[in-house]
Asker: 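The structure under discussion is supplied below as structure tokens; questions concerning it will follow.
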Number of protein chains: 2
Amino acid sequence: MAEFLIRKLEHFTSLSTEDKHALDQASRQRTRRIRSRDDIVHEGDLPQGVNLILDGWACRYKTLEDGRRQIIAYLLPGDLCDHHVSILREMDHSIGTVTAVTLAEIPTETMRQLTAGQARLSQALCWESLVAAAIQREWTVNIGQRTAFERLGHLLCELYVRLRAVGLTQGNTCELPLTQAEIADTIGLSVVHVNRTLQELRSVGLISLRGRELTIHRLDALQRAVQFNPNYLHLGREGRHLDSNEA
Amino acid sequence: MAEFLIRKLEHFTSLSTEDKHALDQASRQRTRRIRSRDDIVHEGDLPQGVNLILDGWACRYKTLEDGRRQIIAYLLPGDLCDHHVSILREMDHSIGTVTAVTLAEIPTETMRQLTAGQARLSQALCWESLVAAAIQREWTVNIGQRTAFERLGHLLCELYVRLRAVGLTQGNTCELPLTQAEIADTIGLSVVHVNRTLQELRSVGLISLRGRELTIHRLDALQRAVQFNPNYLHLGREGRHLDSNEA
DNA sequence: GATTGTAATTAACTTTTGTTATGACAATTT
DNA sequence: AAATTGTCATAACAAAAGTTAATTACAATC
């Protein structure tokens, strides 16, 4: 069950069989299935336990009074949400699904046991949340400084590399189940401008995007064109390929 | 020494005399003075211990190859930087000073001792870092969705409220040691536009800003005008005033 | 296979924001 | 005291991005 999380954590350190077993057990205790475009947690809720995304895409988002919405983060298979959030009195943002999602609800107590015992595992989970924070910082840079072209290309690079890190890419292709409206709310552009910018990325031959399938024709070229430096993902040596179907 | 940190943490929970003493001791072990507009930590460095800002303003920032710069966070008196960051192999961003800064370098080992003993203190420090993460998310919303006017007003509200939480405001006035260029790099606007927008905030009577001194004439009005909702700072009941010099 | 709703595309036009340049002023340095 | 530098302010113009609206493509359902 926890295969994606385990695969991700192993970019940081190698886990013992017991560690992996413990994670797997924890993720089996209580699973939940949520349909597409539905809320998992709502702003104002009392924070509860920890959710692990087993399958599907979710996102953190925040809505302003007048309806404007900002997507703050994407939660992909293997991502943990809200490790210590139960310390806070209420959620300051919502979490919703993009696709149908299967998640494991790991009780706070189970979480405590996981981290109390093994130092390795505890460190790995800490690494997980530090990387999440680093991604959030990079988004600030992305939206604050980059042009529309760079912003969009950067987002696509990030999602592709994160999916690759958990084995969810096939060659230079991956799923991208986002509408242009969702992309717009992610990088702070209008839908129309996202569309224009996607055309541009296509017309220079960097990507293909049809249906829900994204292909990055030359990742290195795209990285250079949009100044994507994967350091902030702290995945260790890049170029390590984890694709399930590589040539 | 750790007075600002203690004052901040007490918004979350009340600390025992021992807790406060331990924090104070930890912050006296090794202090360092850095002059204005200088780097404390540079991208690529090996992450070390934990820094506590005792006095002055610093910021996290990231620079792109072509010189564009994004300020990612402000570090004010009482802020801790990089609680667990030593887990990562290298810094993915830099930390620099805005004003002259005094900071305490707290060794990882001391940090471990602080959190190992008292659950209260450990929780409080965890709260500290959750709030930092929440601020980062709010910045994503701010830059991604809000107009120039709202963005700037929102930033000023946040800085004022954070300073108030550590007792660094006098009535509705606080220090604002930022140049317009720094503000521009914070909210993703050009210097010229920051200037225009400041004029606008002044002309509608919401703020005064002269020299390094900011006055927010009616905080509630400014909050409404820019949709600033202080929830994300998780300071507990607002309206609790901690000003050192209130009428 | 027709119908319906959602998403993508495109165009025309407006607004916002960036760029470049310049002057005023104050703080520092020489 | 003079010169230099950094910051703030303002104007004129250019570029980027938003808005509205109409149209097309696509996918799901009946």
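Chain naming here is simple, since letters A, B, ... match the order of the sequence lines and numbering starts at 1 in each. Scope of the values below: all heavy atoms of this structure, side chains included, with no hydrogens, waters or symmetry mates.
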Asker: Can you check the B/L189 CG to D/dC8 C1' distance for me, whole Å?
Answerer: 16 Å

Asker: Could you tell me whether B/R218 and B/D220 make a salt bridge, using a distance below 4.0 angstrom between a side-chain N and a carboxylate O?
Answerer: no

Asker: Give a yes or no on whether a salt bridge exists between A/E43 and A/R60, defined as a side-chain N under 4.0 angstrom from a carboxylate O.
Answerer: no

Asker: Which part of the nucleic acid, if any, lies within contact of B/R37, taking any heavy atom under 4.0 Å across all strands shown: a base, the sugar-phosphate backbone alone, or nothing?
Answerer: nothing

Asker: Do A/D185 and A/R68 meet the salt-bridge criterion of a basic N to acidic O distance under 4.0 Å?
Answerer: no

Asker: Could you pull out the closest heavy-atom pair between B/V98 and B/L178, with the gap in Å?
Answerer: CG1-CD2, 3.8 Å

Asker: What is the distance, rounded to the nearest whole Å, between atom CD1 of B/I187 and atom P of C/dT17?
Answerer: 10 Å

Asker: C/dT9 phosphate, OP1 or OP2: any side-chain N/O from A/R202 under 4.0 angstrom?
Answerer: yes

Asker: Pick the nucleotide of DNA chain C nearest each of B/V194 and A/L178; which residue has the one closer to the 5' end?
Answerer: A/L178

Asker: Just the rounded figure in Å: distance from P of D/dA9 to CD of B/E200.
Answerer: 14 Å

Asker: Expressed as a whole number of angstroms, how long is the span from B/H193:NE2 to D/dA17:P?
Answerer: 14 Å

Asker: From C-beta outward on A/S190, which listed nucleotide comes closest to its side chain: D/dT19, C/dT9, D/dA17?
Answerer: D/dT19

Asker: Counting heavy atoms from C-beta on, name the nucleotide in D/dC8, D/dA21, C/dT17 closest to the side chain of B/T179.
Answerer: D/dC8

Asker: Report which part of the nucleic acid A/R146 touches: base, sugar-phosphate, or nothing (heavy-atom distance under 4.0 Å, all strands).
Answerer: nothing

Asker: Please report, rounded to the nearest Å, how far the C1' atom of C/dA7 is from the CD1 atom of A/I183.
Answerer: 12 Å

Asker: Rounded to whole angstroms, how far apart are CD1 on A/I143 and C1' on D/dA16?
Answerer: 17 Å

Asker: CG of A/N195 versus P of C/dT9: gap in Å, rounded?
Answerer: 5 Å

Asker: Closest approach to the side chain of A/R196, judged atom by atom: which nucleotide of D/dT10, D/dT19, C/dG18 is it?
Answerer: D/dT19

Asker: Below 30° counts as parallel, above 60° as perpendicular, anything between as tilted: where do the rings of B/F228 and B/H154 land?
Answerer: perpendicular

Asker: How far does the helix from C/dG1-D/dC30 to C/dT30-D/dA1 bend, going by the axes of its first and last five pairs, to the nearest 10°?
Answerer: 50°

Asker: Do the charged groups of B/E175 and B/R212 touch, with an N to O distance under 4.0 Å?
Answerer: no

Asker: If you measure from the Lys or Arg side-chain nitrogens to the Asp or Glu carboxylate oxygens, is any gap between B/E138 and B/R146 under 4.0 Å?
Answerer: yes

Asker: Considering every strand and a 4.0 Å limit on heavy-atom distances, what is the contact class for B/L198: base, sugar-phosphate, or nothing?
Answerer: nothing

Asker: Out of C/dA8, D/dT10, D/dA17, which has the shortest distance to the side chain of B/Q199?
Answerer: D/dT10

Asker: Measure from the side chain of B/V192, starting at C-beta and using heavy atoms only, and say which of C/dT19, D/dA9, D/dA17 lies closest.
Answerer: C/dT19

Asker: For a quick check of understanding: with a heavy-atom distance under 4.0 Å over all strands, which category does B/R210 fall into, base, sugar-phosphate or nothing?
Answerer: nothing

Asker: Atom CD of A/Q180 and atom P of D/dA25: how far apart are they, to the nearest Å?
Answerer: 15 Å

Asker: Quick check: closest heavy atoms across B/V50 and B/H83, and the distance to 0.1 Å?
Answerer: CG2-O, 3.5 Å

Asker: Assign B/G211 to base, sugar-phosphate, or nothing according to its heavy-atom contacts below 4.0 angstrom with the strands shown.
Answerer: nothing

